[in-house]
Amino acid sequence: MSSLALVLLFGLLAVVLLDGNWRAGLIMTVVIGFLQDPIRKLTPNQPSLMVGLVLIAFVFTLLVLAEQMKGQINLRSMFWTVPAVQDWVPIFFAVIALQSFNSFLRFGDAMLVVLGAAFYIAPAIALWAGFAVGCNIRILMRLITTYVVLCTLFAITVWLDYRGLSGPLFDEVGNGLLITFEGFSAAGANGLFRTSEIAGWHLSAGACFAIILGVSSRKRENQILLFVLAAAFAYLTIPTGRRKALVLVLVFTAFYLLLFSRTATAASREKVISSILGSGAMAYGAYALFLITAKGDSFDLYINRSYSAKDELLSRFQSQGVGALLRALEVSQGVGLGVGAGANLGNFRLSQAAAQSLREVRSLAYVSEGGGGRIVAELGLPGLLAGGGVAFLIMLCMYRNFRMLRWLDPSIAYFMLGLVAFGLANVVFFFSAAQVYSDPFILILLGLCIGSFLAVPSLLAQQQAFLHQQSQAGYLAPGTGVRP
């Protein structure tokens with residue numbers, strides 16, 4: 001059955017790509033990203049490599065896009081406000097190439113090298129794809145809307161899982177993850193997602209995207225419905241047991257409202273605030289009438305666990321952020337262990353020699369839990385310098401693009417602002433807990449979100465060209481050669 005599902009999915013992807021429709025290919029990539037988890041659950045031995053199905057679909061889609069763009073990667077337009085990024089990108093990729101060679105010499109496992117290099121290459125490619133998609137705002141909105149629709153369907157299965165519905169599709173992949181409570185441990189709800197941690201991230205992403213679509217919507221009724229949906233997504237992160245999923249929604253909301261308040265007009269702020277209040281009242285009413293009796297006896301335990309997140313945020317950031325970064329420099333001796341050394345491989349089996357070599361590296365699991373620690377452990381000091389330089393220049397580029405938002409159409413500006421706020425919120429969590437960010441689907445989504453913000457100058461140029469055409473058309477009456 002799983003083989004048939006894969007044939008149907010990739011067959012449909014092949015049909016749209018052979019027609020040159022890379023836009024539909026991106027939609028299919030999102031569909032495959034969701035469906036690869038339940039398909040994996042039904043596949044014998046649940047192979048870890050199936051998390052890469054979405055990456056395969058994404059790469060083929062980008063090949064069609066690149067072919068239509070005649071193989072030109074226009075970095076000049078992509079980093080128009082900070083051209084110096086173009087000088088640093090080759091340096092960073094040269095470090096990745098050297099550390100790939102280092103990894104193969106150290107561990108002798110080609111697949112480990114491929115998986116490790118994909119951790120860096122996938123988001124970089126997605127960044128470029130995000131820029132290309134961001135230049136067509138309708139396609140980008142359709143992509144995010146598709147994600148929210150599919151996430152809604154999967155969110156229902158998370159609730160059903162929590163309420164006791166069982167079956168092969170609701171079992172976690174492998175041994176599963178246990179959530180620690182006071183005095184006992186239990187599995188979090190995951191639904192059709194492969195683990196509760198992946199479920200928590202996607203539910204929080206669904207909440208953030210629903211908020212973005214709501215704020216950028218021109219219709220108040222749509223805003224209220226989308227805000228209610230966002231509240232439902234955030235609510236469902238609680239039974240997954242992943243505290244940082246709910247915190248991610250809160251951090252994103254803080255980022256977004258801060259950026260929104262700096263760019264929005266007084267009328268827009270008033271409209272959004274009233275919609276938030278209205279949706280909040282509806283969400284609380286739904287909770288009081290239906291969910292308070294349907295939530296189950298154990299739900300309060302999950303809520304109390306979520307409340308405890310605030311007590312651990314600072315200590316976790318210090319230990320898994322700054323602490324892991326310094327320890328990673330010591331573990332790698334500044335040179336780097338090679339790509340893939342800190343990867344979360346799940347049930348993927350390395351060669352015996354590679355597995356033994358990884359076990360001999362002290363504190364590797366500890367430093368790899370934080371994203372910064374993993375990057376430093378794998379790429380060493382050269383990777384830290386090259387990656388830090390690229391990151392700083394991209395942040396500078398995004399800041400300059402932010403200052404250009406005032407001239408864009410407000411609904412487009414608020415939409416783009418939300419996507420970059422979501423990306424920034426995830427950067428914070430990446431440095432404190434990076435396991436979930438090994439997932440190719442998540443890396444692709446984040447690359448698309450951040451990359452699309454790099455298209456702000458191009459969108460502004462399109463808008464100016466359109467307004468110029470409109471003014472020219474209005475200046476001369478059609479067919480008369482005189483002023484209307």
Side-chain angles (χ1 to χ4, degrees), residues 3 6 10 29 32-33 36 39-40 43-63 66 89-128 173-174 194 328 331-365 367-369 371 373-384 386-387 434-444 447:
S3 299
L6 289 176
F10 279 92
T29 298
I32 291 172
Q36 68 182 7
I39 291 174
R40 180 182 174 187
T43 303
N45 300 322
Q46 300 176 337
S48 293
L49 290 178
M50 290 192 73
V51 301
L53 292 176
V54 66
L55 186 58
I56 294 173
F58 187 60
V59 168
F60 278 115
T61 300
L62 292 190
L63 288 175
V89 169
I91 298 174
F92 183 65
F93 277 105
V95 172
I96 294 174
L98 289 173
Q99 291 297 352
S100 297
F101 184 64
N102 179 25
S103 177
F104 185 73
L105 291 179
R106 184 185 296 269
F107 304 113
D109 195 302
M111 189 54 66
L112 178 65
V113 174
V114 171
L115 294 175
F119 177 75
Y120 302 96
I121 295 174
I125 295 175
L127 206 67
W128 171 74
V173 166
R194 67 178 182 272
V331 167
S332 67
Q333 298 180 337
V335 178
L337 300 173
V339 300
N344 181 12
L345 299 173
N347 62 356
F348 177 77
R349 293 185 179 181
L350 296 172
S351 64
Q352 290 185 354
Q356 179 62 29
S357 298
L358 285 172
R359 283 193 295 268
E360 291 175 354
V361 182
R362 297 180 58 187
S363 302
L364 183 58
V367 301
S368 298
E369 189 171 350
R374 175 180 173 179
I375 292 174
V376 174
E378 293 185 352
L379 304 184
L381 191 58
L384 178 62
Q435 304 99 319
V436 72
Y437 297 102
S438 297
D439 182 87
F441 189 30
I442 292 175
L443 291 176
I444 288 170

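Every heavy atom of this structure was used, including side-chain atoms; hydrogens, water molecules and symmetry mates were not.
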Residues 91-100, side-chain donor-acceptor partners within the protein, below 3.5 Å, at least two apart:
from, atom 1, to, atom 2, distance (Å)
Gln99, OE1, Asn102, ND2, 2.9
Gln99, OE1, Gly338, N, 3.4
Gln99, NE2, Val335, O, 2.8
Gln99, NE2, Leu379, O, 3.2
Ser100, OG, Ile96, O, 2.8

How long is the straight-line distance from [atom2] of [Y] back to [atom1] of [X], given to the nearest 0.5 Å?
X	Y	atom1	atom2	result
Met50	Thr43	CE	OG1	4.0 Å
Tyr437	Leu443	OH	CG	9.5 Å
Ile56	Ile32	CD1	CD1	9.0 Å

Side chain to side chain contact (heavy atoms under 4.5 Å, CB included) between Arg194 and Asp439, worked out: CA-CA 11 Å; Arg194 67 178 182 272; Asp439 182 87; 2.5 Å; yes
Contacts of Phe441 that satisfy ring-ring contact (aromatic ring centres under 6.0 Å, His included) - sequence neighbours left out: Phe34, His202
Qualifying side chain to side chain donor-acceptor pair (under 3.5 Å) pairs, either residue in residues 49-59, two or more places apart: none
Hey, does the side chain of [X] reach the backbone of [Y] with a donor-acceptor pair shorter than 3.5 angstrom?
X	Y	answer
Asn45	Pro47	no
Gln36	Gly52	no
Arg40	Val51	no
Glu378	Leu337	no

Minimum side-chain heavy-atom gap Val339-Tyr120 below 4.5 Å: yes
Going by side-chain contact (heavy atoms from CB on, under 4.5 Å), name the residues that satisfy it together with [X], two or more places apart in sequence or in a different chain.
X	answer
Phe104	Ala110, Val113
Ala122	Leu55
Ile125	Phe58, Leu62, Ile121
Leu384	Val376, Leu381

Minimum heavy-atom distance Pro440-Val54, with the two atoms named: CB-CG1, 4.1 Å
Phe101 six-ring centre to Arg106 NZ/CZ under 6.0 Å and within 45° of normal: no
